[in-house]
There are 2 protein chains.
Amino acid sequence: MRVVNLPASASAGRPHGTRVRGTRQAEAVAAVLDRLPGFCSAQQIHAELRERGEQVGLTTVYRHLQVLSETGRVDAIRDSSGEILYRRCQTDTHHHHLTCRNCGRSVEVEGKAVERWADEVAQQAGFSEVGHTVELFGLCPDCGQLPPR
Amino acid sequence: MRVVNLPASASAGRPHGTRVRGTRQAEAVAAVLDRLPGFCSAQQIHAELRERGEQVGLTTVYRHLQVLSETGRVDAIRDSSGEILYRRCQTDTHHHHLTCRNCGRSVEVEGKAVERWADEVAQQAGFSEVGHTVELFGLCPDCGQLPPR
DNA sequence: ATATCTGCAAAGACTTTGCAACCTT
DNA sequence: AAGGTTGCAAAGTCTTTGCAGATAT
């Protein structure tokens with residue numbers, strides 16, 4: 001079992017005095033992310049890069065996405081098939097997603113109420129350093145018209 | 001996902017030769033699901049079965065869960081690590097879990113506030129048939145004492 | 001010059017499928 | 001006996017890691 005639920009604070013601390021380097025690949029990945037409207041998988045992004053003539057290894061794509069997501073510069077969620085989907089953050093505050101389980105379209109939503117609730121509940125139970133996972137799924141206005149399943 | 005504390009098995013030993021619906025394996029999987037409080041992965045369920053002395057192949061566990069989920073008798077969601085988690089449908093008491101990321105201990109918490117928030121947010125966005133995934137992680141009172149990291 | 005970054009190949013983790021033997025009905 | 005069920009082994013997917021060579025600063 002892969003353990004992934006680290007606290008948001010568990011950042012990719014870099015060794016002393018180092019800094020992220022700008023490479024052609026890093027740039028290419030960022031560029032593709034910038035012009036993608038919705039959530040895309042690493043594989044889709046990789047394919048898109050190839051199509052644009054950029055030579056970037058799949059491994060590298062994964063690595064950049066991982067870092068970008070850890071540092072909060074892109075959102076990452078799982079779709080129902082288990083793939084991780086990435087998208088450039090559109091707001092810089094903490095938020096959650098309401099995703100259509102049919103077409104994948106998603107909306108960012110604020111979660112003040114949830115944050116408050118989480119903190120409150122945690123305090124009551126005596127827990128500390130509490131983080132949360134909150135995702136909403138439903139049928140978007142378009143897909144909601146169609147008969148379910 | 002970390003392992004959630006499974007209650008010690010107090011299986012009412014099923015006398016051999018008891019007639020069960022379907023097969024021994026189907027019954028065993030259903031039994032484990034029935035007494036699990038929260039979401040569990042197929043692999044956790046399989047491990048729990050072994051612990052109870054039930055010989056059920058992992059493949060079979062997956063197949064039963066798949067069917068149960070397709071027929072709507074259990075809920076299935078993906079956790080952040082990509083595993084599918086299953087839970088017996090609980091029409092009455094819907095709750096969430098606050099789990100210690102150090103020792104795995106977990107507490108059930110009510111989520112009225114979250115439900116309301118989810119419904120409200122969904123409605124505003126025009127989404128229908130909205131479900132949610134909410135899990136809280138933190139350090140329990142005991143583990144919180146220890147110096148972090 | 002050298003700490004990073006790349007990317008191929010291989011490993012890992014979870015889930016699904018092929019198929020012969022087994023068990024219910 | 002017939003047909004669904006089981007489970008080992010192997011295949012499939014997506015993602016991560018080992019490592020040697022390439023690269024940015």
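We name chains A, B, ... by the order of the sequence lines, and we start the count at 1 in each one.
When each of B:Val134, B:Leu98, B:Val114 is tested with B:Val109 by the rule side chain to side chain contact (heavy atoms under 4.5 Å, CB included), just one qualifies, namely B:Leu98.
When the P atom of D:dT25 is taken as reference, atom CD of A:Glu27 falls 11 Å away, rounded to whole Å. B:Leu65 has its CG atom 13 Å from the P atom of D:dG7, to the nearest Å. Distance A:Glu54 CD to C:dG7 C1': 15 Å, rounded to the nearest Å. Atom P of nucleotide C:dT24 and atom CZ of B:Arg24 are separated by 9 Å, given to the nearest angstrom. One can place CD of B:Gln55 at 17 Å from C1' of C:dA21, the figure rounded to the nearest angstrom. One can place CD of B:Gln44 at 15 Å from P of C:dA13, the figure rounded to the nearest angstrom.
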Between protein and nucleic acid, restricted to nucleotides 15-18 of chain C and to nitrogen or oxygen atoms under 3.5 Å apart, what atom pairs and distances do you find?
residue: C:dT15; atom: OP1; partner: B:Ile84; partner atom: N; Å: 2.7
residue: C:dT15; atom: OP2; partner: B:Tyr62; partner atom: OH; Å: 2.1
residue: C:dT15; atom: O5'; partner: B:Tyr62; partner atom: OH; Å: 3.2
residue: C:dT16; atom: OP1; partner: B:Gln66; partner atom: NE2; Å: 3.1

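For the pair A:Thr60 and C:dG7, the criterion of a side-chain N or O lying under 4.0 Å from OP1 or OP2 is met. Listed pair B:His64 / D:dT5 fails the phosphate criterion, with no side-chain N or O lying under 4.0 Å from OP1 or OP2. Side-chain N/O atoms of B:Gln25 include one lying less than 4.0 angstrom from OP1 or OP2 on D:dG7.
For B:Glu110, the side chain to side chain donor-acceptor pair (under 3.5 Å) test picks out B:Lys112, with sequence neighbours left out. Legend: residues meeting side chain to side chain donor-acceptor pair (under 3.5 Å) with B:His64, ordered by chain and number and at least two apart, are absent. For the side chain to side chain contact (heavy atoms under 4.5 Å, CB included) test, no residue two or more places apart in sequence or in another chain qualifies with A:Ala47. In this view, A:Glu48 and A:Arg35 satisfy the salt bridge (Lys or Arg N to Asp or Glu O under 4.0 Å) rule, not counting sequence neighbours.
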Just distance, no hydrogens or angles: give the donor-acceptor pairs under 3.5 Å from side chains in residues 51-62 of chain A, sequence neighbours left out.
residue: A:Glu54; atom: OE1; partner: A:Arg24; partner atom: NH1; Å: 3.4
residue: A:Gln55; atom: OE1; partner: A:Arg50; partner atom: NH2; Å: 3.4
residue: A:Tyr62; atom: OH; partner: A:Gln43; partner atom: NE2; Å: 3.0

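Nucleic acid contact class of B:His46 (heavy atoms, under 4.0 Å, all strands): none.
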